[in-house]
Amino acid sequence: MPELPDVEMTRRDLKRWVVGASVTAADTRDARLSRPASPRAFAHALTGRSVERVERRGKWLRLDLDDGGKVFSHLGMTGGWVRVAIGAPVARFERARIDAVLRGRAFSLRYVDARRFGRLLAVREDIADWTALGPDLLADGIDVGRFSDALAKGRRAVKEIVMDQRVVAGVGNILATEGLWIARIDPRSSGNALVPGDARAIARGLRRVMARELEDRKRCGDGHSERYFVYGRAGQLCPRCSTGLSSVVLGGRTTVFCHGCQVHRRPPSR
DNA sequence: CGGCATGTTGCGCA
DNA sequence: TTGCGCAACATGCC
């Protein structure tokens, strides 16, 4: 489920489902997902309230309640929200439930998350995970000047910097891998070795991939896009230059790239 | 059975 | 204070 396009689709669903709705009951028992808040705070904060807005920054979602309360939701690796009939049986891997009424119609939202890498907590103030996020790839776009500075400052591999949520919020492993391939930049390149024009190319690559993914999801709903250029295709041929695709681990994440057409900017010599 | 997975955190150590 | 490398988290799927 993760990656910005999935979270954005979830935001649109939630917006359609709950904005203006009054919550009649809510529950979670998962202390892990609601950390550091207590699971009880969830029911307490939501019951009797109505939802005024559904916001998203990067991969985080925030429901704004009519009393100023906020519910933060991060889908982690396997989280998702589904809408079911009121009273529907507990879904497999269901971790939280929000029963609500909108225009006289009762319904239930369920948060489902097999691996429980997500988060779901009700609080009164914005959490640091939210406020620390950099500009949102979709809503704010990338300011090439600032992006370029952030890349130049980093000694890490460019892919790790691009995935840093403080630099650009919403870029995950797929977007970063695909975006760098489009930009023709080797993901191992060190940030401070990039040359003028690279930052713009990467920004454009990320925007392209995101827009494409969003369109895919609008058309097909969920399910994994099988249309990746290189992600998950190590060993296959590069769709641009037919070189065999390579794979390395950067920042603990598998990264696929093409030796043939992605230029490796090497760090300044020591 | 082993290996990998769309994300993040926390810990030991430089 | 910053950053790096890595194990950990919990489960599904191939």
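Predicted, not measured: the structure shown is a model, and the values here were computed from it. Within every chain, numbering begins at 1; the chains are lettered A, B, ... in the order of the sequence lines, protein sequences first and strands thereafter.
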Under the criterion salt bridge (Lys or Arg N to Asp or Glu O under 4.0 Å), I'd like the reasoning laid out for A:Asp67 against A:Arg124: C-alpha separation, chi angles, the key distance, then a yes or no. CA-CA 9 Å; A:Asp67 69 343; A:Arg124 299 296 309 178; 3.2 Å; yes
Detail all sub-3.5 Å separations between protein N/O atoms and N/O atoms belonging to nucleotides 10-14 of chain C.
| from | atom 1 | to | atom 2 | distance (Å) |
| --- | --- | --- | --- | --- |
| C:dA10 | O4' | A:Arg115 | O | 3.0 |
| C:dA10 | N1 | A:Arg115 | NE | 3.0 |
| C:dA10 | N1 | A:Arg115 | NH2 | 2.5 |
| C:dA10 | N3 | A:Arg115 | NE | 3.0 |
| C:dG12 | OP1 | A:Arg92 | NH2 | 2.7 |

Mind listing the N/O atom pairs, protein and nucleotides 12-14 of chain B, below 3.5 Å?
none

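The side chain of A:Arg156 lies closest to C:dG3, out of B:dT8, B:dA5, C:dG3.
Using a 4.0 Å cut-off between charged nitrogen and carboxylate oxygen, A:Asp113 and A:Arg116 do not count as a salt-bridge pair. Classification of A:Arg56 and A:Asp136 as a salt-bridged pair holds, one side-chain N sitting under 4.0 Å from a carboxylate O.
At whole-Å resolution of the value, CZ in A:Arg253 and C1' in C:dC4 are 16 Å apart. Separating the CZ atom of A:Phe72 from the P atom of B:dG7 is a distance of 20 Å, rounded to the nearest angstrom. In this structure, A:Asn173 places its CG atom 12 Å from C1' of B:dC4, rounding to the nearest Å. Separating the CG atom of A:Leu120 from the C1' atom of B:dT8 is a distance of 16 Å, rounded to the nearest angstrom. Atom CG in A:Asp30 sits roughly 12 Å away from atom C1' in C:dC9 (whole-Å rounding). Following rounding to the nearest Å, A:Leu33 (CG) and B:dT9 (P) show an atom-to-atom distance of 13 Å. Atom CG of A:Leu133 is separated from atom P of B:dG7 by 14 Å (rounded to the nearest Å). Separating the NE2 atom of A:His74 from the C1' atom of C:dC9 is a distance of 14 Å, rounded to the nearest angstrom.
Put simply, NZ on A:Lys159 and CZ on A:Arg253 are 6.5 Å apart, with the number rounded to the nearest 0.5 Å.
Among the duplex regions that DNA chain B forms, those built from at least three successive Watson-Crick or G-U pairs under 3.5 Å are B:2-5 with C:11-14, B:7-14 with C:2-9, ordered by first number.
Open room surrounds CZ on A:Arg166; 12 or fewer heavy atoms of other groups in view lie less than 6.0 Å from it. For CZ of A:Arg40, the number of neighbouring non-hydrogen atoms (other residues, nucleotides, ligands) closer than 6.0 Å is 12 at most.
For A:Lys59 and B:dT6, the shortest distance from a side-chain N or O to OP1 or OP2 is not below 4.0 Å.
Between A:Ala21 and A:Phe107 the shortest heavy-atom distance is CB-CZ, 4.0 Å.
Not one N or O on the side chain of A:Arg208 forms a donor-acceptor pair closer than 3.5 Å with the backbone of A:Arg204.
Looking only at atom types and distance, the side chain of A:Thr28 has no donor-acceptor partner in the side chain of A:Asp30 under 3.5 Å away. Using a 3.5 Å distance cut-off with no hydrogens or angles, the side chains of A:Asp66 and A:Ser50 do pair a donor with an acceptor.
Spacing between B:dT9 and C:dG12 at atom C1', rounded to whole Å, works out to 22 Å.
Using bins of under 30°, 30° to 60° and over 60° for the plane-to-plane angle, the ring pair A:Trp60/A:His74 lands in the perpendicular bin.
Heavy-atom distances to DNA chain B give each of A:Gly251 and A:Thr254 a nearest nucleotide, and the one nearer the 5′ end belongs to A:Thr254.
Counting heavy atoms from C-beta outward, A:Leu46 and A:Leu65 have side chains that approach closer than 4.5 Å.
A:Gly172 comes within 4.0 angstrom of sugar-phosphate atoms only, judged by non-hydrogen atoms across all strands, and of no base.
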